[in-house]
Amino acid sequence: MTVAAAVAAGELVAALMGTASPVVAVGDALVDNTPQALAEWAISLFGTADKIVLVSGIVVILLLVGGVLGVAALRRPSLGYAGLAVFGVAGVAAVFIGRGGDTWAVLPVLAAAAVGALCLAALLRAAGRVRPAAQNSPQGTAPEGGGSAGEGDTASPGPVEHRPGRRAFVLTSAGIAAGAGAAGVLSRLVPGWLGGAGGPETVALPAAARPLPALPAATNLGIPGLTPFTTPNSDFYRIDTALTVPRPDPGRWRLRIHGMVDRPFEIDMAELLDLPLVEADITLTCVSNQVGGNLAGNARWLGYPLAELLRRAGVQAGADQILATSHDGWTCGTPTEVVMDGRDALLAVGMNGEPLPHRHGFPVRTVVPGLYGFVSATKWVTDLKLTRFSDEQAYWAQRDWAVKAPIRTMSRIDVPAPLGRVDAGEVVLAGVAWAQHRGVDAVEVRVDGGEWSEAELAKVPGIDTWVQWVAEVDVEPGRHDVQVRATDATGYVQTSDRAEPIPSGATGWHQIAFTAT
Ligand SMILES: Nc1nc2c(c(=O)[nH]1)N[C@H]1C(S)=C(S)[C@@H](COP(=O)(O)O)O[C@H]1N2
Ligand SMILES: [Mo]
């Protein structure tokens with residue numbers, strides 16, 4: 001009970017202050033310090049629900065430990081206070097070792113501990129009346145407490161004497177429970193009442209100074225079950241280390257460009273939106289994507305060229321890394337030369353004609369074609385520091401992932417669905433392939449280990465997106481395997497060698513089985 005009240009109090013204070021809640025701070029600290037293998041196991045087990053599982057896990061553990069402590073505290077109150085102190089210290093530690101960088105986040109933790117101590121004291125006082133009474137009156141010679149029960153025969157020991165203490169205890173518990181519930185509800189409502197930061201709906205995006213023509217219809221082959229060329233924002237995969245989606249205030253957003261530059265500067269939202277923005281079609285891909293996986297999505301991005309900003313700052317010789325930091329303290333290292341080589345590396349504000357959704361980095365993120373997201377696509381970006389790879393390491397590089405990570409040439413079968421049933425005879429196979437910033441030259445398929453046959457490719461607006469492919473094959477009734485491989489514009493043929501995503505992206509051919517009847 002006490003622990004529930006403490007957790008709720010912590011949430012409420014955090015909501016009032018607009019800082020990370022203690023539970024999230026602990027979660028963040030766990031996320032950042034979980035051994036890689038354990039994290040991968042958790043992700044494979046819970047998939048993208050891993051965050052919910054983690055947060056609820058923390059709360060459940062707190063409540064369980066709290067229950068045990070509560071029982072112990074009834075015997076030895078000092079144990080209860082000591083337990084709360086341990087929770088408090090753990091919470092404070094989480095804030096400091098976590099990446100939040102927001103020292104004020106200790107206040108909710110301290111408030112939670114204080115509320116916990118007060119509740120514990122109140123409960124012990126309520127329960128305390130039982131103890132002395134029970135101990136001091138062995139045979140029904142009940143002193144003040146026991147007598148006030150009034151009802152019943154004073155001759156009967158035990159239960160009757162305990163009643164007032166028990167009633168006080170139950171009332172206090174109920175009061176604390178009600179308070180905890182109210183605080184919990186309030187903690188969810190307060191952000192709305194405070195008005196909080198303006199969201200995407202408060203930002204009016206300007207038209208691009210260099211707009212792209214509408215996508216050719218032929219980017220979509222129109223085959224049922226085939227991944228659409230443009231991924232709607234609501235379907236776009238989301239990967240990040242944030243337990244709660246950061247919601248920076250666009251009115252207070254600033255990007256700082258500093259480090260090894262001649263002219264460090266800051267830019268705010270109004271200044272950014274005043275610059276001549278450009279559009280680019282770019283397919284993002286996560287390095288954690290398994291062969292055949294769906295951690296890739298394609299959008300038309302609106303933004304300002306990062307290279308222009310870097311030229312304004314004047315990058316110094318030797319600054320081979322752009323170390324980007326997000327509002328929530330995550331970091332990302334991108335090779336300077338990649339951003340400067342003329343590709344559409346953007347400081348993006350728009351995604352498919354809308355301001356970025358919160359989940360995808362509102363108000364501003366980076367997008368760099370050709371590199372996996374963990375080394376290029378900082379959401380909620382607030383800081384770009386020009387530095388050297390040999391001097392500073394970004395978040396995932398510190399955790400054994402690659403420092404530089406171009407996207408690998410990859411292809412996927414969407415149709416038929418794995419283990420699907422089709423009519424024997426002419427069977428339509430279709431999917432997508434990608435080799436961002438090189439471009440896909442060819443896709444081939446083969447059935448049951450036979451000859452490779454070339455698929456037909458849909459249109460693409462450039463070399464930075466995936467491409468849909470389709471092939472027709474003739475099959476007998478029965479079970480069949482299909483494999484796919486892509487060749488990129490450098491002439492590289494996708495390898496059949498199987499590699500895990502860590503450290504620099506999975507490799508191998510995607511294969512599915514289907515049955516023709
Ligand atoms: N702030 C922040 N930005 C981040 C990440 C993160 O953990 N925090 N993860 C990166 C990774 S690993 C990927 S694959 C892309 C995914 O972008 P999306 O969620 O918009 O698809 O975001 C990148 N940007
Ligand atoms: Mo990723």
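Read the numbers this way: they start at 1 and go in the same order the structure lists the ligands and their atoms.
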Margin query: Under 4.0 Å from a heavy atom of Asp328: which atoms of ligand 1 are those, numbered in the order shown and with their elements?
Written below: 1 (N)
Checklist line | Glu444 side, atom CD; Glu454 side, atom CD - distance, nearest 0.5 Å | finding: 6.0 Å
Notebook entry, point to check: How far is atom 17 (O) of ligand 1 from its nearest protein heavy atom, and which residue and atom is that?
Noted result: Arg365 NH2, 3.1 Å
Check: side chain to side chain donor-acceptor pair (under 3.5 Å) with Asp464: which of Arg438, His437, Gln436?
Finding: His437
Notebook entry, point to check: Under a 4.0 Å N-O cut-off, is there an ion pair linking Asp320 with Arg388?
Noted result: no
Item checked: Option set Phe236, Trp380, Phe374, Trp330, criterion heavy-atom distance to atom 4 (C) of ligand 1, minimum -> Trp330
Next item on the list: Please could you name the atoms of ligand 1 that Ser326 approaches to less than 4.0 Å, counting only its heavy atoms?
Entry: 1 (N)
Check: How are the rings of Tyr395 and Trp330 set relative to one another: parallel (under 30°), tilted (30 to 60°) or perpendicular (over 60°)?
Finding: tilted
Check: At under 4.0 Å between heavy atoms, which part of His327 makes contact with ligand 1: side chain, backbone, both or neither?
Finding: neither
Checklist line | Gly297 to ligand 1, any heavy atom closer than 4.0 Å | finding: no
Next item on the list: Going by the side chain to side chain contact (heavy atoms under 4.5 Å, CB included) test, name the single residue among Arg359, Lys379, His360 that passes it with Val245.
Entry: Arg359
Notebook entry, point to check: At what distance is the nearest protein heavy atom to atom 16 (C) of ligand 1, and which residue and atom is it?
Noted result: Ile239 O, 3.6 Å
Check: If you count the atoms of ligand 1 from 1 in the order shown, which ones are under 4.0 Å from a heavy atom of Cys286?
Finding: 14 (S)
Item checked: Minimum-distance protein heavy atom relative to atom 7 (O) of ligand 1 -> Thr241 N, 2.9 Å
Checklist line | Protein contact of atom 24 (N) of ligand 1 - nearest heavy atom, named by residue and atom, plus distance | finding: Ala377 O, 2.8 Å
Check: Does the distance from a Lys or Arg side-chain N to an Asp or Glu carboxylate O, for Asp383 and Lys385, drop under 4.0 Å?
Finding: no
Notebook entry, point to check: So which protein heavy atom does atom 3 (N) of ligand 1 come closest to, and at what separation?
Noted result: Lys379 N, 3.0 Å
Note to self: With a heavy-atom distance limit of 4.0 Å, tell me whether Val381 approaches ligand 1 through its side chain, its backbone, both, or neither.
What the structure shows: neither
Next item on the list: Give the residue and atom name of whichever protein heavy atom lies nearest to atom 21 (O) of ligand 1, and the separation in Å to one decimal.
Entry: Tyr237 O, 2.6 Å
